[in-house]
Structures are given as C-alpha cells and as structure tokens.
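Below is one structure; the comments refer to it alone.
Values below: every heavy atom of this structure, side chains too, minus hydrogens, waters and symmetry copies. Reminder, nothing fancy here: chain letters follow the sequence lines and each chain counts from 1. Everything numeric in this text was worked out from a predicted model, so none of it was measured.
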There are 2 protein chains.
Amino acid sequence: MQRRHEKSEQTRELILATALQLFVERGFFATSVHDIRRAAGLSIGSIYHHFPSKEAVARALYNDLVARMTGMVESACSGHQTVRDRSRAVAELLCQATLESPALVTFVLHARHREFLSDAPPVCSTRPFELMQEMVRDGIASGELRSMDVVSASLALFGGVIRLIQLALDGVLQRPLTDYLDEVLEAGWRAVVSE
Amino acid sequence: MQRRHEKSEQTRELILATALQLFVERGFFATSVHDIRRAAGLSIGSIYHHFPSKEAVARALYNDLVARMTGMVESACSGHQTVRDRSRAVAELLCQATLESPALVTFVLHARHREFLSDAPPVCSTRPFELMQEMVRDGIASGELRSMDVVSASLALFGGVIRLIQLALDGVLQRPLTDYLDEVLEAGWRAVVSE
DNA sequence: GTCTATAATTTGATAGAC
DNA sequence: GTCTATCAAATTATAGAC
C-alpha cells in the first residue's frame, strides 16, 4: 500500500517534471496534453487520472515551484543579519538557481501565468518577493538603507539583478551570468545605501 | 485607386489594432482568428486577405510597435546632451507610454514573443534597447558614468525603471506609476554616476 | 476586397476494458 | 492506476460566389 502510493507519487512527479520542461520550452498553449503524454511515456488516461485538466497541471507546478523558491529565499535570508549580506545572499541564490534549474526560474519568474492560470496572483505579490520587500523595509527602519519608499527601494536594489536574470533566461548575455552579478549587485547597493 | 488603397490600409490597421488589444488582453494563443474577426466586425476572408496567417498578424504588429518605440526613444534622446538628462527623458517617455498606450508597451516589453514568433529576436536586442545601451557606453567613455561594464551599467541604471513598468503593467502597484518614478530614477543614477 | 461555407487538423477531455 | 479508443468542440486556413 505504501509502495503503491510511492509509485503513484512518482508518476505524478514525472508528469509535473515533463510538463515543466515543455511549458518552459514552448509555452503552455503550444504544449498539448498529448505532447506531455508522449514525452513522459505515459497514456492520456494516466495523466487525467492524476490531474483533472491541463490547467490543473500548470497550477500544481506553479504552487510547487513558488513553494520551493520561498524555501530557498527564506534560508538565504536567515543565514545573515544585515540587509547588505542578506540581499547579496538572495541575489546569489537567484543566479545560482537560474544556472542550476533554469526551468524552475523561468516558470516562476518569466512566464505569463495570468494567461493560463485564471486566478494566479501576480508573481511579484508572491511570498519570495514579499520576503525581499520585508528585508528592505527592515533596512530602512534600522537606518542601514536611506529613507525612501519601500517599493522604490526594492526596485532600486533588486531591479538590476532581476533584469540580469531575465536577460540570462532570454539567452542574450554574451558572458556568463556570474560575470555581471557582482557589479550589478554593488550598483544596486549604491542606489539605496544610507549616505 | 488612391481611395481603394486607403480603404484597404484602413482595414489592415483595424485588424492590427483589434489583434493588439486581444493579444494583450488574453494572449496570442488564447485569441483565435474568429475572435479578431468578431471584435473587428470583419469576416474571416477579409483577415486572411490582408495577412497570410495569424502569426503574420503578430509579426506585423511586433515590427510596427518596435518601430514606433524606436522613434519615441530616438526623439527623447536627441533632445538632451548629458546621459543624466537623456536617461531621465527616456525613462519618463517609457512611463508616459505605459500610461497612454499600455497595450503598446505590454506587447513590446512584456509579451513572450518567442513563444509565437518563431524567429523574433529577443526584445532586449532590439533597437530601443540598443539606443539605451549606446547612451550608457557614451557616458562611461566621457567620464560622466563610472568605469564599469556597459551591460552591468545599463541594468543598474534602467533595471529599476523597467521593473517598475513591469509591475505597473501587472497591476500590482498601489499608487500611480509616476509616484515612484523620480525616486527609482534617482536611485538608478546613484548606482552608476561617477564618484 | 469582402463575404459565407466548409475543409482538415488538433485540441482537451471522457468511457470503459483490464 | 494505467491503458486504448473515441468524442465533441474549436482551430487555422482555403474555396469560390459576389
């Protein structure tokens, strides 16, 4: 019975992993359920046994990946005290994730979810982004960052890094992502640091 | 004969305008040619007379809008000498365009063209972005900006503003876009200014 | 140039055997 | 739980009258 459950869980994960790859490669609408079936080596029936619809696959994927990214950002934050160190840790984490699991980052950060997930909240109002904003809020309160609007400060501090990642995912960077990170991060810091 | 040509051109423009609105509202794949037909008050035959395929409509739209945005950025640049003034003019222009023609900016800046235009170059390697990068290159050469990598500097200077516009288009800003612009722009400037 | 009617495929999803 | 066979609807695109 435990065995059965594990097997079922494996199939579910296979469906999600296959769908993620195809959604990122071709987009949600250009991927049919039959494409997923073929790539996963399963049958249509099996897929519809695990998920009620194609949209439900995307929804499960979205929730799983946002949760994973939330955990990553939380652990990066908790290892440091100052905003300076925390923001660096988060930025490095995002870049590392982009290199190691581009599909994850692409789907969370780069896909237009509203186009296919009728009720998904915009990515930017999701937990990982909230954490980054809280970090900035704390930094302003403690005086480590200059006194300015929290949203503006978040954009100034992380805007460059996020754009950097978007460019990397679009494949338009000539040099490796990490070559730019330090300079962009340092610049973001100059933009918001007190004095 | 001139009249006929004008009428034909009008129909073409109507198709493009209608398609733009629907593509931005629901996305390319969630918009069928019949949706465009219905919204434009035309027949399928008329649409296929002007464009060989739905993809061709999107392609024409993409080229038209990138050209329009190129013109806007060029004229914003040409009115000023320093990078400081130019970058401000471009940022203000982008924000103004976002408010006045959100569909234009959404389609150019915010859509995943590669998903439906097989051969479209990434937006970031498009003329308006080249212009912004040239501006930064000049600023570094003249000493107005600190000596750093051109791509990193572009990201640092404009990353916040572009992210700001993305948030505005996603509808997640609580206050009007223009409320944030000055602070984000000023922060981007601190990030790259010499000294 | 614009229309209606329709062809040819593909799509998301279901039924029911095993 | 997994499979095959199949459906109904929607999709892109074409044909041919006017």
Subject >> By side-chain hydrogen bond (donor to acceptor under 3.5 Å, both in side chains) - contacts of Glu183(A) (at least two apart) >> reply: Ser152(B)
Original post:
Got a sec, which residues hit ring pair (Phe, Tyr, Trp, His ring centres under 6.0 Å) with Tyr48(B), two or more places apart in sequence or on another chain?
Top reply: none
Original post:
Tell me, which of residues 44-53 of chain B have any heavy atom that sits under 4.0 Å from an atom in DNA chain D?
Top reply: Ile44(B), Tyr48(B), Ser53(B)
Original post:
Tell me: CD1 of Ile15(A) to C1' of dA13(C), nearest whole Å?
Top reply: 15 Å
**OP:** Give me the bend of the helix from dG1(C)-dC18(D) to dC18(C)-dG1(D), using the axes of the five pairs at each end, rounded to 10°.
**Re:**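 Inter-axis angle at the termini of the helix from dG1(C)-dC18(D) to dC18(C)-dG1(D): 0°.
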Taking only residues at least two apart or on different chains, which pairs with a member in [range] satisfy salt bridge (charged side-chain N to carboxylate O under 4.0 Å, His left out)?
range	answer
residues 121-143 of chain B	Arg127(B)-Glu130(B), Arg127(B)-Glu134(B)
residues 113-125 of chain B	Arg59(B)-Asp119(B)
residues 79-94 of chain A	Arg84(A)-Glu186(A), Arg88(A)-Glu92(A), Arg88(A)-Asp182(A), Arg88(A)-Glu186(A)
residues 141-168 of chain A	Asp149(A)-Arg175(B)

**OP:** Return each pair, listed once, that meets side chain to side chain donor-acceptor pair (under 3.5 Å) where at least one residue sits in residues 62-74 of chain A; pairs must be two or more places apart or across chains.
**Re:**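 Found none.
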**OP:** Using heavy atoms and a sub-4.0 Å distance, could you list which residues of residues 30-40 of chain A are near DNA chain C? By number, please.
**Re:**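 The answer is Thr31(A), Ser32(A), Val33(A), His34(A).
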Original post:
Is any side-chain N or O of Thr11(B) closer than 4.0 Å to OP1 or OP2 of dG1(C)?
Top reply: no
Subject >> Qualifying ring-ring contact (aromatic ring centres under 6.0 Å, His included) pairs with a residue from residues 145-195 of chain B, counting only residues at least two apart or across chains >> reply: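 Qualifying pairs: none.
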Residues 23-33 of chain A, side-chain donor-acceptor partners within the protein, below 3.5 Å, at least two apart:
residue: Arg26(A); atom: NH1; partner: Asp35(A); partner atom: OD2; Å: 3.3
residue: Thr31(A); atom: OG1; partner: Leu22(A); partner atom: O; Å: 3.3
residue: Thr31(A); atom: OG1; partner: Gly27(A); partner atom: O; Å: 2.9
residue: Ser32(A); atom: OG; partner: His34(A); partner atom: N; Å: 3.3
residue: Ser32(A); atom: OG; partner: Asp35(A); partner atom: N; Å: 3.1
residue: Ser32(A); atom: OG; partner: Asp35(A); partner atom: OD2; Å: 3.3

